[in-house]
Amino acid sequence: MNTAYGVTAVVLVVLAAVLIGAFGIRLSRTTSDFYVASRTVSPLWNASAIGGEYLSAASFLGIAGLILAYGADMLWLPVGWTGGYLVLLVLVSAPLRRSGAYTLPDFAEARLESMAVRRLAGVLVVLIGWLYLMPQFQSAGLVLAAITGAPEWAGGLLVAAVVAVNVMSGGMRSITFVQAFQYWLKLTALAVPLVFLLLAWRAGGAPGLSAGDTASWALPLSSGKEYGLYSTYSLILATFLGTMGLPHVLVRFYTNPDGRAARRTTLVVLSLLGAFYLLPAIYGALGRIYVPELSGSDMVVLTLPGRLVGGVAGDLLTALVTAGAFAAFLSTSSGLTVSVAGVIGQDILRGGVRSFRVAALLAVTAPLALATSARSLPVADVVGLAFAVAASSFCPLLVLGIWWRRLTSTGAMAGLVVGGGLACGAVLTTIAGGPYTGLAGALLAQPAAWTVPVAFAVMVVVSLLTPGRIPAGVARTMVRLHTPETLDLDRGDWRPRSS
């Protein structure tokens, strides 16, 4: 790739992020602006912003790399990451918006009337956010090193600096505009080069997979992975249920005007993600044909344009893909930073705009340090582990907290400690010393299949054993969560509000 083109692409994406973020700064004045954009974001804008922050390096680069390496088994990742919004739509989105919370710990305290549960939820938000941020910074370092020869730490530092500036300056109001723009940039950055790649594939005689690939790579559960059936079902469970527990996703639903807008946002998100996830799978298949030597690498998306198209056109297409990759790093990192900063600012610092800005700086510093010191794993694998932790902690808390009035603060604490603790232990063991082999390796690499049921069971059993810890105001809270905003509860007559 022509280095000048790559550098230009990165510079343009960074400048666009800063300039669009600066537009949001003019509109950010109050604490509500910084935390939830004063709850005024429309469904289309919000859905685009969710698509921008949700489609991380794992979606833009990682899926194609895993499909290249393991084949059809990895198609469950985009299916699960999209399908998780169906569960979010049905069970969580509208009640969560009606809760009036700023953050997940806010919801936990409001529902369970317990500061202990709030503090534990805050710790888990920070852990999940940092676990998700670390591969974004690592991938940014790899991409910048590949196109410019810069040290691997430079890309992560660049992304962290831009994100910190945007978040500290304009908060949620500012990054909403940035992330919405970045979704459409990422979609364009994958779709346009793919048209040229398919034309080059056809012009080259449309070669297919080898006989060996057709018999194994292209068929589910035939890639030879140990305990492939267990790993597949555990991955499905983690992605379907982990989506509702991701702090940077949930915080965006607090920005909708009401519960109906939150549901509409979720429906639009499903459409946007479905359109995007059609593309990485094709890159993975083409990579299997043309660059099989990249198996186990996240660089297949960046390599294919130069390999198939070549020349100036190939360099320009590679620059476009590079721009999309940096948009992925920036948008996801922005959403994660806001969610982590919101918790640190409210629960550790004193709250307010100044505390939020300090917390934003803290939110990017720790994962940046981890990214430069920890060993690099495939980005989609690390993100999948973050989903497993979210599914094992916040999913039970949200589902039971919203739909089961007998959930107690003691039960919630026990479930978060056991489910979240087991999942975190499995994740840290895998990152620090893995990968492991045998059944133990499969259980550690994909823990959701056993940690999620354990978390639900512990919350239910302990709550039944501690009926005296049911919050005193649970009836009022449940009414608030499940009553449409068109009903005026303060008047007491349940009649629709006048327009």
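Being a predicted model, the structure only gives us computed values, none of them experimental.
- Using cut-offs of 30° and 60° for the angle between ring planes, the Tyr183 and Phe276 rings count as tilted.
- For Ser331, the side-chain hydrogen bond (donor to acceptor under 3.5 Å, both in side chains) partners two or more places apart in sequence, or in a different chain, are Lys186.
- Among residues two or more places apart in sequence or in another chain, the side chain to side chain contact (heavy atoms under 4.5 Å, CB included) test is passed with Ile282 by Leu194, Leu198, Leu286.
- Shown here are the side chain to side chain contact (heavy atoms under 4.5 Å, CB included) partners of Ser139, two or more places apart in sequence or in another chain: Ala57, Phe329, Val379.
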Pair up each side-chain donor or acceptor in residues 47-54 with any protein partner under 3.5 Å, not counting sequence neighbours, and list the distances.
| unit_1 | atom_1 | unit_2 | atom_2 | d |
| --- | --- | --- | --- | --- |
| Ser48 | OG | Leu44 | O | 3.0 |
| Ser48 | OG | Trp184 | NE1 | 3.3 |
| Glu53 | OE1 | Gln179 | NE2 | 3.2 |
| Tyr54 | OH | Trp81 | O | 2.8 |
| Tyr54 | OH | Thr243 | OG1 | 3.1 |

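- The stretch residues 115-125 participates, sequence neighbours left out, in these salt bridge (Lys or Arg N to Asp or Glu O under 4.0 Å) pairs: Asp106-Arg118, Glu109-Arg118, Arg118-Asp347.
- Taking both residues in full, the closest heavy atoms of Thr188 and Leu320 are given as O-CD2, 4.1 Å, listed atom of the first, atom of the second, then distance.
- A donor-acceptor contact shorter than 3.5 Å links the side chain of Ser234 to the backbone of Gln446.
- Residues that satisfy the side-chain hydrogen bond (donor to acceptor under 3.5 Å, both in side chains) test with Thr451, not counting sequence neighbours, are Ser392.
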Do any side-chain atoms of residues 143-154 form donor-acceptor pairs under 3.5 angstrom with protein atoms, and if so which ones, sequence neighbours left out?
| unit_1 | atom_1 | unit_2 | atom_2 | d |
| --- | --- | --- | --- | --- |
| Thr148 | OG1 | Leu144 | O | 2.6 |
| Thr148 | OG1 | Ala150 | N | 3.2 |

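- Residues satisfying the side chain to side chain contact (heavy atoms under 4.5 Å, CB included) criterion with Ala17, sequence neighbours excluded, are Val162, Asn166, Val178, Gln182, Leu330.
- With sequence neighbours left out, the side chain to side chain contact (heavy atoms under 4.5 Å, CB included) criterion links Phe240 to Val87, Ile236.
- Within the structure, the side chain to side chain donor-acceptor pair (under 3.5 Å) test picks out the following pairs touching residues 277-291 (sequence neighbours left out): Ser59-Tyr277, Asp213-Arg288.
- Partners of Thr265 under the side-chain hydrogen bond (donor to acceptor under 3.5 Å, both in side chains) rule, at least two apart in sequence or in another chain, are Asn256.
- In this structure Arg264 satisfies the salt bridge (Lys or Arg N to Asp or Glu O under 4.0 Å) test with no other residue, sequence neighbours excluded.
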